[in-house]
Amino acid sequence: QPYLVEGSLIAPSVASAADDNAMASVLVVNPTTTPLAKSALVVVRPSGDLAPMSVPSIGPLAVYPATFSLAASTEQASTEGGSAAESFAGESYTVELRGAEPDAIATLRVDPSPPADGIATRTLVSQIDGSVQPYAVRETPDTDTVILLLHDAGQTPRDAIARLGATPSATVVAPSGRGPFGTDWEAWSGADAMEALADYRSRSANKDARVLIAGVGMGGHGALHLATTFPDRFEALATHDAWISHTTLGRTRSPARSPSPIGRLLTRPTVADDPLARAINLADQIVSVSTSADASTTALADARTLRATLGAFHPRFAYREATSLAAATRSTQGDLLARRPLADGDTIELAARGGAEPTRSGWARIAAPRREGAIVRLALRRDPATGLISGSTENVRRLVLTDGDFSGEDQQPRVRLDGGRELAWKLSTRRPDLTLERDERGVWRVTRSRWSKRNKGPGRPGGLAAAVSNRPLLVYGTNGSAD
């Protein structure tokens with residue numbers, strides 16, 4: 001008989017389940033040899049059942065992660081004399097799997113408990129695969145600072161927040177990374193972190209809160225990776241006992257300079273995924289690098305490597321040994337509160353993996369690389385007095401400039417890239433962007449052609465992970481029976 005897997009339940013805590021967007025999921029197992037069709041999940045509460053939520057047909061000997069809502073509909077809330085949030089908060093409930101008959105096929109009892117130490121669990125529906133993913137939050141009222149905290153291997157989000165300690169002037173958001181093990185905060189676990197941050201900010205009253213990203217161990221690597229990948233999303237970075245890359249950790253062999261074109265092609269992603277290759281993106285962030293008294297040899301060596309890298313260009317960063325993540329984060333948070341942003345709106349320096357998102361910084365966006373997978377670099381300077389935008393590019397095929405920062409200027413902007421000729425930019429409300437494309441001879445030209453957003457092309461590059469993240473339809477053949 002079909003059943004619900006108790007340990008698979010993902011649901012918000014009571015405090016955050018009182019939310020119109022409260023979503024949950026549970027694994028439904030069909031151990032029979034016939035499909036489970038026309039079934040539904042029903043949340044049974046003492047104050048009234050929620051509307052049934054249909055479950056797609058589950059094949060024989062199959063498992064399906066069924067998603068359901070824990071918030072009452074507007075009509076139910078009106079009938080019960082309260083809001084959808086008020087009608088659910090504080091109640092135990094039962095999740096029932098029902099078929100064509102009204103009797104339950106399987107049940108799962110849930111007894112929510114108040115959040116411990118002020119740490120609540122929230123959920124979101126991932127844009128990657130439609131699954132429900134949890135994240136932990138410890139909110140601090142009347143603060144304009146959010147710490148995105150990435151856990152170490154073997155930790156849960158709640159463990160990470162508890163280890164961080166008190167943060168009286170900041171709210172802490174700790175994503176799950178899709179599990180305590182096997183994540184490196186790249187690919188889907190990194191996307192999970194960014195989705196948790198976006199979900200929290202969408203519900204928060206303070207949409208302009210400053211974000212500090214922090215992590216220890218594996219989470220420290222993830223914080224470094226995300227801070228260098230999304231430099232426009234974070235104002236500060238704090239790493240503790242972090243390893244820099246899979247190469248420094250010893251999981252990946254250091255890519256040697258290959259004499260063959262195919263060899264260089266295969267090593268592009270490894271080279272471009274090294275956060276040190278994108279370290280210039282940290283120039284506008286407040287950065288703290290620290291290690292504990294019992295840090296591993298790799299963590300200490302990587303911290304000193306990162307210190308040397310930052311020392312070559314960063315105007316101000318902090319480096320500490322034999323300290324704790326809590327102390328380093330508090331100090332970094334204090335710097336964030338006391339100092340103005342380091343960013344200069346007239347200067348852009350960006351490094352990213354070609355074809356990866358994002359490739360935007362301020363008023364410039366790299367739309368496509370010349371060599372996919374290799375590092376792209378952009379260094380631009382805008383002169384407000386003359387309106388001239390000049391600079392250099394590396395491995396950039398198409399570049400888009402936006403007029404958000406120039407619309408109030410008296411001077412019409414002009415562009416000169418890589419020592420080439422000046423290109424005029426005629427600002428207008430109909431064409432707020434300027435798209436530049438570099439041909440095979442290395443000459444930059446203004447272009448008005450647009451690549452399709454629906455079809456694969458230079459404007460939509462990416463590897464297998466990017467394809468899977470867009471919910472492809474996988475068609476395969478088994479060469480089996482007619483069934």
Side-chain angles (χ1 to χ4, degrees), residues 1-115 120-135 176 178 195-196 199 202-203 471 473:
Q1 177 167 308
Y3 61 92
L4 307 177
V5 180
E6 182 174 359
S8 69
L9 179 70
I10 298 175
S13 60
V14 172
S16 56
D19 188 322
D20 294 347
N21 298 319
M23 300 298 294
S25 70
V26 66
L27 290 180
V28 181
V29 180
N30 178 18
T32 69
T33 56
T34 58
L36 176 62
K38 297 181 179 180
S39 62
L41 290 177
V42 179
V43 177
V44 179
R45 309 170 305 157
S47 58
D49 301 351
L50 299 185
M53 287 151 281
S54 61
V55 176
S57 178
I58 303 176
L61 306 177
V63 180
Y64 180 78
T67 299
F68 57 96
S69 174
L70 290 173
S73 65
T74 303
E75 293 78 6
Q76 286 177 304
S78 300
T79 302
E80 295 169 8
S83 70
E86 291 170 345
S87 65
F88 175 78
E91 291 185 352
S92 297
Y93 58 93
T94 301
V95 182
E96 292 188 355
L97 177 66
R98 297 179 183 176
E101 301 297 327
D103 294 336
I105 301 174
T107 62
L108 180 63
R109 173 79 176 179
V110 182
D111 296 305
S113 57
T121 300
R122 291 187 180 179
T123 55
L124 60 88
V125 178
S126 174
Q127 296 299 309
I128 298 175
D129 55 5
S131 64
V132 173
Q133 297 296 328
Y135 65 95
S176 71
R178 300 208 167 204
E195 284 189 328
D199 186 77
S202 69
R203 304 186 194 193
R471 305 189 193 182
L473 178 63

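If you're wondering where the values come from, they're calculated on a predicted model, not measured in any experiment. Atom set for the values below is all heavy atoms of this structure, side chains included, hydrogens, waters and symmetry mates excluded. The residues of the chain are indexed from 1 along the displayed sequence.
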What's the verdict on side chain to side chain contact (heavy atoms under 4.5 Å, CB included) for R45 and V43, showing C-alpha distance, side-chain angles and the deciding distance? CA-CA 6 Å; R45 309 170 305 157; V43 177; 4.0 Å; yes

Do you know the tightest heavy-atom contact between A66 and V55? CB-CG2, 4.2 Å

Please examine the side chains of T32 and P2, heavy atoms only from C-beta on, and report whether any two atoms are closer than 4.5 Å. yes

Evaluate the criterion side chain to side chain contact (heavy atoms under 4.5 Å, CB included) for residue pair S57 and K38; output intermediate values, then yes/no. CA-CA 7 Å; S57 178; K38 297 181 179 180; over 6 Å; no

Determine whether M23 and L124 satisfy the following criterion, side chain to side chain contact (heavy atoms under 4.5 Å, CB included), listing intermediate values before the conclusion. CA-CA 7 Å; M23 300 298 294; L124 60 88; over 6 Å; no

With sequence neighbours left out, the residues meeting side chain to side chain contact (heavy atoms under 4.5 Å, CB included) with P56 are Y64

Please say which of V29, V28, I58, N30 ends up in a side chain to side chain contact (heavy atoms under 4.5 Å, CB included) with V63. V29

Heavy-atom side-chain proximity of I10 to P134 below 4.5 angstrom: yes

Derivation and outcome, side chain to side chain donor-acceptor pair (under 3.5 Å), residues Q133 and S126: CA-CA 7 Å; Q133 297 296 328; S126 174; over 6 Å; no

Contact summary for F68 and V95, nearest pair of heavy atoms: CZ-CG2, 3.9 Å

N-O pairing of R203 and D199 below 4.0 Å: yes

Would a 4.5 Å heavy-atom cut-off, applied to side chains only, mark S131 and P65 as touching? no

Evaluate L41 against R98 for side chain to side chain contact (heavy atoms under 4.5 Å, CB included), listing each step before the verdict. CA-CA 6 Å; L41 290 177; R98 297 179 183 176; over 6 Å; no

Of all the heavy-atom pairs spanning S69 and L50, show the shortest one and how long it is. O-CD1, 3.7 Å

Nearest heavy atoms of L70 and A11, plus distance in Å: CD1-CB, 4.2 Å

Heavy-atom distance under 4.5 Å between the side chains of Q1 and P31, does that happen here? no

Could you state the interatomic distance from CG (L108) to CG (L9), rounded to the nearest 0.5 Å? 6.0 Å

CG on D111 to OH on Y93, rounded to 0.5 Å: 9.5 Å

Rounded to the nearest 0.5 angstrom, the OG1-CD1 distance for T107 and I105 is 11.5 Å

L4 side, atom CG; L97 side, atom CG - distance, nearest 0.5 Å: 5.5 Å

Which atom pair, heavy atoms only, marks the closest approach of T67 to G130? OG1-O, 4.2 Å

Would you kindly say whether E96 and T94 are connected by a side-chain donor-acceptor distance under 3.5 Å? no

